[in-house]
Enquirer: 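Next up is a structure, given as structure tokens.
Throughout, numbering of the chain's residues begins at 1 and tracks the sequence. In what follows, every heavy atom counts, from backbone to side chain, and hydrogens, waters and symmetry copies are set aside. This is a predicted model, so every value here is computed, not measured. Note that ligands are numbered from 1 as they come in the structure, with each ligand's atoms numbered from 1 the same way.
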Amino acid sequence: MRTRREFVMVAAGTALGATAATPETSAQTPARDKAQAQPEASRQFPKGFFWGTATSSYQIEGAWNEDGKGPSIWDTYAHTPGKIKNNDTGDVANDHYHRYKEDVKLMKDLGATAYRFSISWPRIFPEGVGQPNAKGLDFYSRLVEELKAAGIEPFATLYHWELPQALQDKGGWQKRDTARAFADYAGYMAEKLSDRVRHFFTINEFRSMADMGYRGLEVAIPGGTMTIALAPGLKLAPGELNQVRHHAVLGHGLAVQAIRAKGKAGTKVGPAEVILAAVPLIETPEHIKAAQTATREMNAEFLTVMLEGQYTDAYLKGAGKDAPKFTDDDLKVIAAPLDVVGINVYKPNVYVLASDQAPGWRVIPFAKGHPKMFNQWLTVGPEALYWAPKLVQSLWGAKEIHITENGCASDDVIADDGKVYDTDRIMFLRACLTQLQRATADGVPVHGYFQWSTMDNFEWTAGFGNRFGLVHVDFKTQKRTPKLSAVWFREAATRNAVV
Ligand code: FCB
């Protein structure tokens, strides 16, 4: 066992940093040390691979009504008793709005070379449209400066579910005007930040924000299903939901156009979608083909239409009279060419096998005893980190893929010695990154990985009870304590390899 002081040193990177050789420095390392310090070549990621962590504004910033910020649907939802576990809110959250400098320092200590954060739309446009709020913009500008000074590449997400309440009051994503308003805000941010931010993601998790927000989504878990609802917490009819989904992808396409029009040349843009990954249970050509067909169809409303410019026949036929209303021009906008495809990958959504019957694949339910992580919904299946990017490449020829989220919550506790021994998270991350490395070794163009999350934070309806961080946060004192997984992450990032 290490002493507390040793652990702190390790967590801060000083102790292990001394022996951790990057591929560049290892040339100067004596042969014996080199053998110990250099991971097997087969576990190495491509040169220049981004090792990032991710957060979102509502989940960490706090300062919900400071400096001219308008309310979002999450402020409203969390302030409604009974919606969030323990009636927790993001009013203060991690107080990151005031502590961002300390948090950037933590990221640097994690060995991170990239950071994916999100911008709160109502901090910039309190009413969703109209006059921008200079103080809101200034916060993100200062954050970006701090990141750049620390050598951390900023990746900005424009919509991580914080619709300005003023727009929800006018019908939210049920209204086409919201797509236009989103694009105007996206263009404004690109104009102001693209001199320093090279990557923008439009919308985080189209499916979660539309389906969980506007209807409630049933997800498969070992032994059954569970329903997840998010703000604004509506229960729309299927046809109305399809229209919300359509407006979301339309908003994405319009935002891509606006970013190109207002941003600096070379600015990269793409979605950050929670891909529904069908994973072949047995890796033979027929089952792989089945997984590919299934993945294309399961993502028809979002990734498939964004990357193909068409809704699939099966989706339109299945929706029948509830299909979204759209024009050919809409489809052109939705399929605006992308530079990057961001995918959030936590698990296989379904396992599939080939079938003689149409549609050529069948879902094999998770066995009752199939392992899961701390979250009921987080079925263990690290091979999703191989198949999801691989299928994005083979289906749509994506040239630059980022894993914009991956991680797990744990029932983390501070041990008597003050440390957090999150063995389950280390196991999970190692297993996932092993599969991701396999994808890069196969030539799948994955350029970056963003672990969710930099630090424990407000996990939506689960409140502060689901700890996803590499860094533990005591929400009473705001004390940050790097967990053992932070040490693991730093080692992997520094060596650019699975460790
Ligand atoms: C994703 C969300 C993210 C976080 C993780 C655990 O669906 O994008 O904000 O809640 O799940």
Enquirer: Considering only heavy atoms of Trp460, which atoms of ligand 1 have at least one such atom less than 4.0 Å away?
Expert: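 Reading through ligand 1 atom by atom, the close ones are 3 (C), 4 (C), 9 (O), 10 (O).
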Enquirer: Under 4.0 Å from a heavy atom of His160: give me the atoms of ligand 1 that qualify, with their elements.
Expert: 2 (C), 3 (C), 8 (O), 9 (O)
Enquirer: In terms of atom number and element, which parts of ligand 1 are under 4.0 angstrom from non-hydrogen atoms of Glu459?
Expert: 4 (C), 6 (C), 10 (O)
Enquirer: Under 6.0 Å between ring centres, would you say that holds for Phe139 and His98?
Expert: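 Judged by ring-centre distance (under 6.0 Å), Phe139 and His98 do not meet the cut-off.
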Enquirer: Determine whether Phe489 and Thr494 satisfy the following criterion, side chain to side chain contact (heavy atoms under 4.5 Å, CB included), listing intermediate values before the conclusion.
Expert: CA-CA 8 Å; Phe489 185 88; Thr494 310; over 6 Å; no
Enquirer: Decide whether an N or O pair under 3.5 Å exists between Trp377 and ligand 1.
Expert: no
Enquirer: Does a donor on one side chain sit under 3.5 Å from an acceptor on the other, for Ser120 and Ser57?
Expert: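 Result is no, nothing qualifies.
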Enquirer: When you compare the side chains of Tyr346 and Glu405, does any donor N or O come within less than 3.5 Å of an acceptor on the partner?
Expert: yes
Enquirer: Tell me if the centroids of the rings in Phe206 and His252 come within less than 6.0 Å of each other.
Expert: yes
Enquirer: Which part of Asn204 is near ligand 1, with near meaning a heavy atom under 4.0 Å away: side chain, backbone, both or neither?
Expert: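 The side chain, only.
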Enquirer: Verify the distance criterion only: is there a donor paired with an acceptor across the side chains of Gln478 and Arg480 at less than 3.5 Å?
Expert: yes
Enquirer: Looking at Phe468, which atoms of ligand 1 are within less than 4.0 Å of one of its heavy atoms?
Expert: 6 (C)
Enquirer: Could you say whether the N/O atoms of Trp161 and ligand 1 ever approach to under 3.5 Å?
Expert: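 N/O-N/O distance below 3.5 Å does not exist for this pair.
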